[in-house]
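Accompanying notes for the structure given below.
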2 protein chains.
Amino acid sequence: MAAKANPVPSVWAREQSTPDQPALSRAAIVREAVVMLDADGIEALSMRKLGARLNAGATSLYRHVATKDELMELAVDEVAAEITVPAPGGPWREAATEAAASFRATALRHPWLSSVLGQAGLAYLGPNLMAYSERLAALFAATGFPEPSRAIDTLLSYVIGMSTTEAAWLTTVARSGDTEAAFIARLMPAAQQAAADHDHLASAYADAAVTATVDPVAIRDAKFSYGLDVVLDGLEMRLTR
Amino acid sequence: MAAKANPVPSVWAREQSTPDQPALSRAAIVREAVVMLDADGIEALSMRKLGARLNAGATSLYRHVATKDELMELAVDEVAAEITVPAPGGPWREAATEAAASFRATALRHPWLSSVLGQAGLAYLGPNLMAYSERLAALFAATGFPEPSRAIDTLLSYVIGMSTTEAAWLTTVARSGDTEAAFIARLMPAAQQAAADHDHLASAYADAAVTATVDPVAIRDAKFSYGLDVVLDGLEMRLTR
DNA sequence: CTTCACTGCGTACGGCGTTCGCATTCAGCG
DNA sequence: CGCTGAATGCGAACGCCGTACGCAGTGAAG
């Protein structure tokens, strides 16, 4: 690689034992893959481009990773480490709210996560994902739920559903190049025309047109916490019963 | 095409004006795409294979569909027609339960739907999706929710999250070639080893190992309706308040 | 000094989505 | 009936993609 970089085929021009890069390693590959995924989305990640980013040939990656799917699995587990769950002991409801918010924040920070979840689900067995599940289980068991895993699945389903929808929306917005408010404004005519024959939708869109262009982020936050409160209310009923 | 099928390049061997197929049309393309998606999953659909299924060249499809993404959008709207929502008037809770079950059934009948939702969300404006939203809005508005769209978003998030997770799981199972119970049994050792250092997970898996291999379908059904009841309880509080 | 496991990489294969220009068909019109 | 112009199908080609394979260099072990 050093010799090839230099066009003069002379021994004397050869560079000296250059361990310039920290070498190729599974950890480095996964880390850079996450960076690329965050920056340009899931369809912009190819083994060739990833190799190039690491000053390596595309096929060199296969010494450390069996397949691209496996790489994605590793990337998911990598970002799963970012999701926090409060330790048991404090007030349950606040802890659950915090855990849900952390999941959502992570999903929005790495929008490609939603795409992968849709294809592979949460069946991965990576260490970070396992640790996350364990902390969730510990929290819910300590709270005294009769069926902790049922409660967890319910909460997670809501959080996943909302976060996935939101992440997909933000991806669409980002691809448009506009700000979120501008994108909404640009989309409204088409949406209102499509809803023309539907009374309830039309009025809902009319409302949205006014408010959503002002502060879309606040609206999304409020929507998330409304639904979260709904779910937590329902869960609480089963707790105190 | 007729001439090419015959190896003898003679005028006399030419077939007679064969309009054998009902011709290529957008509707036929979308219909066949859904069939292929259902049969072999999202990654098995390529424009070439789809063209071949329709006795057409791959590129002929582009006369009727701008791009593969657009085709997927059309396919989503096609299956969206299958989701039913009861008309307003009856008891609200049963109607919502029915609507949720219909969404889930559709998502499980077309597991590729979840993959697409993860990438594109529900921002599509297809007529069937719009009609679906309208019926939901009508139901919730008639019920008297103070903020119908909030309630809808909450319910939908739960349903989407649970269905997506379930569809992804079933896809993984299907790819393995095993039955669901057999797949679980085969997976358990690895799962239990991965959970070895996690107390709560280990015991949860131990429970699952016993019950899940018996009737996985019933367990998934129960899980879904448990969470659905949680959400509906939470919504009902806001209704009667 | 030899050996050997390990790592990187160039090449190549088959498949993909999509573009482009040509061939064919056919409805509508003179 | 003959002509024309639009609509439709298609083959070839472009630039990507994931990945199998076998060779080349390297550094530690013997």
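Letters go in sequence order (proteins before strands), and every chain restarts at 1.
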**OP:** Hey, could you give me the CG/CG distance between A/Leu54 and A/Leu24, rounded to the nearest 0.5 Å?
**Re:** 6.0 Å
Original post:
Donor-acceptor pair under 3.5 Å: do we get one between A/Thr59's side chain and the base of C/dG8?
Top reply: no
Original post:
When the distance from CG of B/Asp69 to P of C/dG17 is rounded to whole Å, what number comes out?
Top reply: 10 Å
Subject >> Atom-pair distance (CD on B/Glu70; C1' on C/dT18), nearest Å >> reply: 14 Å
**OP:** Flag the pair A/Arg109 and A/Asp38 as a salt bridge only when some basic side-chain nitrogen lies within less than 4.0 angstrom of an acidic carboxylate oxygen.
**Re:** no
Original post:
What is the distance, rounded to the nearest whole Å, between atom CG of B/Leu61 and atom C1' of D/dG11?
Top reply: 14 Å
**OP:** Specify the separation, in whole Å, of atom CE of A/Met72 and atom P of D/dT19.
**Re:** 12 Å
**OP:** Ignoring hydrogens and angles, state whether a donor on the side chain of A/Trp169 or A/Glu180 is under 3.5 Å from an acceptor on the partner side chain.
**Re:** yes
Original post:
Hey, does A/Glu82 have a side-chain heavy atom less than 4.5 Å from the side chain of A/His110?
Top reply: yes
Subject >> Most 5' of A/Gly57 and A/Arg48 on DNA chain C, judged by nearest nucleotide >> reply: A/Gly57
Original post:
Should A/Thr164 and B/Leu117 count as side-chain neighbours, where that means a heavy-atom distance under 4.5 Å?
Top reply: no
Original post:
Would one find a side-chain N or O of A/Ser46 under 4.0 angstrom from OP1 or OP2 of D/dC17?
Top reply: yes
Original post:
Rounded to the Å, how far apart are A/Tyr62 OH and D/dC21 C1'?
Top reply: 13 Å
Original post:
Counting just side-chain N and O atoms, does A/His64 come under 4.0 Å of either OP1 or OP2 of C/dG8?
Top reply: yes
**OP:** To the nearest Å, give me how far apart CG (A/Leu50) and P (D/dC16) are.
**Re:** 17 Å
**OP:** Figure out the CG/C1' separation between B/Leu24 and D/dC10, and round it to whole Å.
**Re:** 11 Å
Original post:
Between A/Lys49 and D/dC16, does any side-chain N or O lie under 4.0 Å from OP1 or OP2?
Top reply: no
**OP:** Classify the nucleic acid contact of A/Leu71 as base, sugar-phosphate or nothing, counting any heavy atom under 4.0 Å across all strands shown.
**Re:** nothing
Original post:
Is there a side-chain contact between B/Leu45 and B/Met72, using heavy atoms and a 4.5 Å cut-off?
Top reply: yes
Original post:
Just how large is the angle between the end axes of the helix from C/dC1-D/dG30 to C/dG30-D/dC1, five pairs per end, to 10 degrees?
Top reply: 10°
Original post:
From C/dG17, C/dC9, D/dC10, pick the nucleotide closest to the side chain of A/Arg63?
Top reply: C/dC9
Original post:
Given side chains that start at C-beta, do those of B/Tyr124 and B/Met130 come closer than 4.5 Å, heavy atoms only?
Top reply: no
**OP:** Starting from P on C/dT19, measure out to NZ on B/Lys68 and report it in whole angstrom.
**Re:** 14 Å
